[in-house]
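For the numbers below, each heavy atom of this structure counts, side chains included, while hydrogens, waters and symmetry mates do not. Everything numeric here is computed off the predicted structure, so don't read it as measured data.
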Amino acid sequence: MKITSTILLALAAALVVIGAHLTMKAGIMASYPLFMFAVVLLFWHMYRKRDVEESEKAQEKPGKKKRNRNR
C-alpha cells in the first residue's frame with residue numbers, strides 16, 4: 001500500500017471518529033458533511049486500489065496462464 005492510500009484511509013477513519021464525536025455534541029446535521037467527506041475518501045481509496053490491481057494485471061505476460069486451484 002502506498003503512502004497516499006494510507007493517508008486517505010487514515011483521514012477517512014479520523015473523520016468518522018470526529019463525526020461521531022460531533023454527532024454526540026451537536027447532532028447529526030452538524031456532522032453530516034464530515035461523514036460524507038469520509039465516504040468520498042473511502043471511495044477514492046477503493047478506486048485507487050482497484051486501478052493499481054488492474055494495471056498490475058495488464059503488466060503480466062499475456063501468454064502465461066494461471067492454474068485453477070479450486071479443483
Measuring from Arg50:CZ to Glu53:CD, what's the distance to the nearest 0.5 Å?
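Answer for the CZ-CD pair, Arg50 versus Glu53, is 8.0 Å.
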Table please: side-chain donor-acceptor pairs of residues 2-14 below 3.5 Å, with sequence neighbours left out.
| from | atom 1 | to | atom 2 | distance (Å) |
| --- | --- | --- | --- | --- |
| Thr6 | OG1 | Lys2 | O | 3.0 |

Show every donor-acceptor pair shorter than 3.5 Å between a side-chain atom in residues 22-49 and any protein atom, with sequence neighbours excluded, or say none if there are none.
| from | atom 1 | to | atom 2 | distance (Å) |
| --- | --- | --- | --- | --- |
| Thr23 | OG1 | Gly19 | O | 2.7 |
| Thr23 | OG1 | Ser31 | OG | 2.6 |
| Ser31 | OG | Ile28 | O | 3.4 |

Do any pairs count as a side chain to side chain donor-acceptor pair (under 3.5 Å) and have a residue in residues 7-21, sequence neighbours left out, and if so which ones?
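Matches after skipping sequence neighbours: none remain.
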